[in-house]
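Some notes on the structure that comes next.
Note that the structure is predicted; figures quoted are calculated from it, not measured.
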Amino acid sequence: GMRCGEVCGLKSVDVNWDDSLLDFCGKGLKDRKVPIRPDLFEWLKKWDGIRLKGEYFFCTNKGKPVQTNYMRRMVSTCCEKAGLDKTRISPHILRHTFATEALENGILLHDVRDMLGHDRKLRNAVSKSVSELLAREGIGVTWKMQNRNLAAAIRRWKYGPAVILW
């Protein structure tokens with residue numbers, strides 16, 4: 001659920017191995033805590049063993065943070081190797097995918113928004129606008145619904161789940 005720039009700027013001290021968390025300063029200088037999935041935790045541990053030790057967790061051979069353009073190229077290269085349409089997948093689409101899967105797996109909407117680093121005023125506006133849009137589409141949604149019902153309603157909605165992040 002991290003932004004591309006947040007991944008690039010992730011510092012070594014931001015990886016909390018004991019609690020399986022990424023604890024970092026995100027956009028707008030907001031402190032964020034993002035849980036690390038077990039499969040990603042193992043990959044990060046392996047990377048930590050072979051990476052160039054320095055201030056940044058993902059860095060160039062000169063110790064500088066990798067740039068967002070590099071991250072975008074890496075996502076594109078991985079898509080090509082996997083036989084996926086690289087024009088339809090970007091780091092930001094992966095962020096949307098994280099949020100959608102989190103909702104589908106029962107994580108509360110406000111917790112997903114916190115993990116994404118959305119501020120409270122924006123979160124309230126998003127909740128209201130998405131609720132209104134879903135209502136216009138004839139999907140009766142209240143924000144007191146269980147998340148799996150909300151995620152199912154969003155999946156049925158013709159504009160798709162990504163709008164919930166905006």
Side-chain angles (χ1 to χ4, degrees), residues 1-84 86 88-120 122-123 126-127 130 143 146-152 154-155 160-166:
M2 295 173 71
R3 294 174 179 92
C4 188
E6 292 168 340
V7 173
C8 292
L10 188 70
K11 296 187 176 178
S12 302
V13 297
D14 296 338
V15 182
N16 181 333
W17 298 110
D18 295 331
D19 296 327
S20 295
L21 285 174
L22 298 176
D23 188 354
F24 60 98
C25 186
K27 182 177 175 181
L29 301 178
K30 288 181 240 157
D31 287 328
R32 302 235 333 258
K33 293 182 187 315
V34 177
I36 305 171
R37 291 180 4 188
D39 55 338
L40 180 59
F41 182 88
E42 292 305 315
W43 185 90
L44 290 174
K45 273 298 226 188
K46 287 178 186 174
W47 173 249
D48 192 46
I50 62 171
R51 72 182 181 86
L52 178 69
K53 301 300 183 214
E55 181 181 6
Y56 294 96
F57 196 74
F58 300 105
C59 63
T60 66
N61 58 2
K62 295 182 180 178
K64 303 285 185 193
V66 296
Q67 299 296 306
T68 56
N69 285 340
Y70 174 78
M71 295 294 285
R72 286 183 180 86
R73 282 194 313 270
M74 291 303 299
V75 168
S76 180
T77 299
C78 289
C79 288
E80 281 184 51
K81 287 182 179 180
L84 301 172
K86 68 179 184 178
R88 298 180 51 95
I89 301 174
S90 68
H92 199 73
I93 293 296
L94 297 177
R95 182 171 151 84
H96 286 242
T97 302
F98 163 82
T100 302
E101 287 186 5
L103 286 171
E104 289 174 347
N105 286 304
I107 296 177
L108 298 174
L109 180 61
H110 67 273
D111 290 335
V112 173
R113 290 182 303 211
D114 286 343
M115 284 188 275
L116 293 171
H118 288 205
D119 85 1
R120 191 164 304 280
L122 175 63
R123 286 192 300 238
V126 167
S127 296
V130 170
W143 292 101
Q146 292 181 352
N147 279 322
R148 64 181 167 273
N149 293 338
L150 175 61
I154 290 168
R155 280 194 308 275
V163 75
I164 200 155
L165 303 177
W166 296 103

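At least one side-chain heavy atom of Ile89 sits less than 4.5 Å from a side-chain heavy atom of Leu84. Using a 4.5 Å heavy-atom cutoff, the side chains of Tyr70 and Arg73 are in contact. No side-chain heavy atom of Lys27 sits less than 4.5 Å from a side-chain heavy atom of Arg32. Under the 4.5 Å side-chain criterion, counting only non-hydrogen atoms from C-beta, Leu44 is in contact with Leu40. Side-chain contact between Arg95 and Leu116: present, with at least one pair of heavy atoms (C-beta onward) separated by less than 4.5 Å. Using a 4.5 Å cut-off on side-chain heavy atoms (C-beta onward), Leu22 and Asn16 make no contact. Met2 places none of its side-chain heavy atoms less than 4.5 Å from the side chain of Phe98. Contact of the Asp31 side chain with the Phe24 side chain is not registered, since no non-hydrogen atoms from C-beta on lie closer than 4.5 Å.
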- Do Thr68 and Arg72 pass the side chain to side chain donor-acceptor pair (under 3.5 Å) test, and can you show the C-alpha distance, the side-chain angles, and the key distance before you say yes or no? CA-CA 6 Å; Thr68 56; Arg72 286 183 180 86; 3.2 Å; yes
- Between Tyr56 and Val66, does a side chain to side chain contact (heavy atoms under 4.5 Å, CB included) hold up when you go through it step by step? CA-CA 9 Å; Tyr56 294 96; Val66 296; over 6 Å; no
- Would you check, one step at a time, whether the test side chain to side chain contact (heavy atoms under 4.5 Å, CB included) holds for Asp23 with Asp14? CA-CA 5 Å; Asp23 188 354; Asp14 296 338; 5.6 Å; no
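How far CD1 of Ile36 is from CD of Glu42: 10.5 Å, rounded to the nearest 0.5 Å. We find the NZ-OG distance between Lys45 and Ser20 to be 9.0 Å, quoted to the nearest 0.5 Å. Summarising the geometry, atom SG belonging to Cys79 is positioned 9.0 Å from atom NZ belonging to Lys86; distances are rounded to the nearest 0.5 Å.
Nearest heavy-atom pair across Gly117 and Arg3 is O-NH2, 3.8 Å. Across all their heavy atoms, Leu94 and Val75 have their closest contact at CD1-CG2, 4.1 Å. Phe58 and Val7 get closest at one heavy-atom pair: CD1-O, 3.7 Å. For the residue pair Val34 and Met115, the shortest heavy atom distance occurs at CG2-O, 3.6 Å. Across all their heavy atoms, Arg88 and Ile93 have their closest contact at O-CG1, 3.8 Å.
In summary, the side chains of Arg51 and Ser12 do present a donor paired with an acceptor at a separation below 3.5 Å, with no hydrogens or angles considered.
At most 12 non-hydrogen atoms from other residues, nucleotides or ligands lie less than 6.0 angstrom from CD of Gln67.
Put simply, the side chain of Lys64 never gets that close to the backbone of Cys59: no donor and acceptor are under 3.5 Å apart. A donor-acceptor pair under 3.5 Å links the side-chain atoms of Trp47 to the main chain of Phe57, judged by distance alone.
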